[in-house]
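One structure is given here, and the rest of the page talks about it.
Residue numbers start from 1 in every chain, and the chains themselves are labelled A, B, ... in the order their sequence lines are given, proteins ahead of strands. It should be emphasised that the depicted structure is a prediction, and the values quoted were computed from it without experimental measurement.
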Amino acid sequence: MNERDEALKELLKRAAGGPTDRALKRDLWPEMRQRLERPPVRVPWWDWALAAALLLCLLLFPATIPAVLYLL
Amino acid sequence: MTGTVEAELEQFTRGEIQAFETLFRGYQGEVYGWIVRIVRDPGAAEDLTLETFWRIYRARARFDPRRPFGAWARRIATNLALEHLSRRRAERPFDDGLPVRPATTPTFDPATGADLRAKVVAAFGELPAKLRAAATLAMIEETPYAEIAEALGISINGVKSRVFRAVRLLRRCLEKRGVRP
C-alpha cells in the first residue's frame, strides 16, 4: 500500500470506529435447539396439484404465459 | 484426542443432536466472531450464526469428518455474510455497514467530522458486497490476507486484487462527494 492508500485506510478505520468487538455475548444454543425442534413446513397436497395443473396448462397453451405473468 | 474429535464428527454426520450440540457450543463463538467482522452488526451476526449452523446441520451428510470442521463452517458463514451484505445493499443502498458505536480508535473531530464520516460511510456502502467484505476484513479488521483467502475460497492474490479494486472504487466514490483522501 502506498501513502495515499494508507491515508484512505486510516480514514475508513476512523469512520468505522476501529475493529469490531468479536466476542459473542450469549449462548445461541437454546435458539438453535428451538429451531431444530420446529416441525418442518408441510405443503398441502392440493397446492402441489394446483402447481402441476398450472404447469401443464402453460405447456399445452404457451400463449397463456403472458396473461399469467400479467396476473402475477 | 484427534480420534475423539473425529468420532464426534462422525456422530454429527449421522445426525446425533448431542454431537451437534458439542460442535455448536465449541464453534459458535468463532463463527460469530468471523461473521461480525464482515457484517459489523452484532444482531445480524447472531442471526447469521444461527443460519450458518442450520445449514451445517442440514448438509451434515455431505461433510467429510476427516476434514477440518472450522474451515467448513467459516466458508458457509462467509457466503451467508456476503449474501447479507448484497441484500442490505439492494434494500438500503446508502446504508453503511459501519454502524455508529463506541470507538476503539480515534474518531473524527465532532465539529467537522460528522459530515466527513457520513460521506465515507455512504461511499463505502456503494461498494459491491465482495469488495466491501475484502476491504472490511483487510483494512478495518486487519485480518491477515491468508485467513481472508481461506474463508473466501480464493487465492491471496485474489484478496489483494479485491482490496485494490475496493480502494480504487472507494476513492472514486469519495471524490464524487468532494473528499480527496
- Query: Can you tell me how far the CH2 atom of B/W34 sits from the CZ atom of A/R22, to the nearest 0.5 Å?
  - Reply: 9.0 Å
- Message: If you count heavy atoms of other groups shown closer than 6.0 angstrom to CD of A/E37, is the number above 12?
- Response: yes
- Note on the structure: Residue from B/E51, B/K119, B/R168 scoring the most non-hydrogen pairs under 4.5 Å with chain A is B/E51
- The reported gap from CG in A/D5 to CZ in B/R171 (rounded to nearest 0.5 angstrom) is 5.0 Å
- One should read off an interatomic distance between B/R117 CZ and A/L12 CG, to the nearest 0.5 angstrom, of 10.5 Å
- Please lay out, stage by stage, how A/K25 and B/E46 fare under the test salt bridge (charged side-chain N to carboxylate O under 4.0 Å, His left out). CA-CA 10 Å; A/K25 301 281 186 292; B/E46 282 188 4; over 6 Å; no
- Message: Would you compute the distance between atom OG1 of A/T20 and atom CD1 of B/I140 and round it to the nearest 0.5 angstrom?
- Response: 9.0 Å
- Note on the structure: Distance col, row B/M139:CE vs A/L11:CG, nearest 0.5 angstrom, shows 9.5 Å
- Message: Looking at B/E150, I want to see if its CD is surrounded by more than 12 non-hydrogen atoms of other residues, nucleotides or ligands under 6.0 Å.
- Response: no
- Relative to chain A, which segment of B/V179 carries a heavy atom at a distance below 4.5 Å: side chain, backbone, both, or neither? side chain
- Query: Are B/E142 and A/K13 ion-paired here, with the side-chain N under 4.0 Å from a carboxylate O?
  - Reply: yes
- Message: Just so I understand: if I count every heavy-atom pair under 4.5 Å between each of B/T49, B/L170, B/V31, B/I35 and chain A, which residue has the most?
- Response: B/L170
- Note on the structure: In terms of heavy-atom contacts, B/V120 and A/A15 come closest through CG1-CB, 3.6 Å
- Please confirm whether the backbone N or O of A/L28 pairs with a side-chain atom of B/Q28, one donor and one acceptor, at under 3.5 Å? yes
- Query: Is there a path from A/L8 to B/F164 through hydrophobic residues (I, L, V, M, F, W, Y) whose side chains come within less than 4.5 Å of each other?
  - Reply: no
- Query: Linking I/L/V/M/F/W/Y whenever any side-chain heavy atoms sit under 4.5 Å apart, do A/L55 and A/W48 land together?
  - Reply: no
- chain A contact via B/Y57 - which portion, at a heavy-atom distance below 4.5 Å: side chain
- Item | Interface moiety of B/F24 toward chain A, non-hydrogen atoms closer than 4.5 Å | side chain
- Going by heavy atoms in the side chains, are A/M32 and B/F20 under 4.5 Å from each other? yes
- Exceeds 12 heavy-atom contacts within 6.0 angstrom, atom CZ of B/R58: yes
- Task: Any chance you could pull the hydrophobic cluster mates of A/L56, using side-chain heavy atoms under 4.5 angstrom and chaining through other members?
- Result: A/L60, A/F61
- Query: Side chain, backbone, both or neither: which part of B/R25 has a heavy atom under 4.5 Å from chain A?
  - Reply: side chain
- Message: Contact between B/I17 and A/R33 at the side-chain level, heavy atoms closer than 4.5 Å - yes or no?
- Response: yes
- Query: Should A/L36 and B/Y27 be counted in the same cluster of Ile, Leu, Val, Met, Phe, Trp and Tyr side chains packed under 4.5 Å apart?
  - Reply: yes
- Enter the distance from A/W29:CH2 to B/E21:CD here, rounded to the nearest 0.5 Å. 5.0 Å
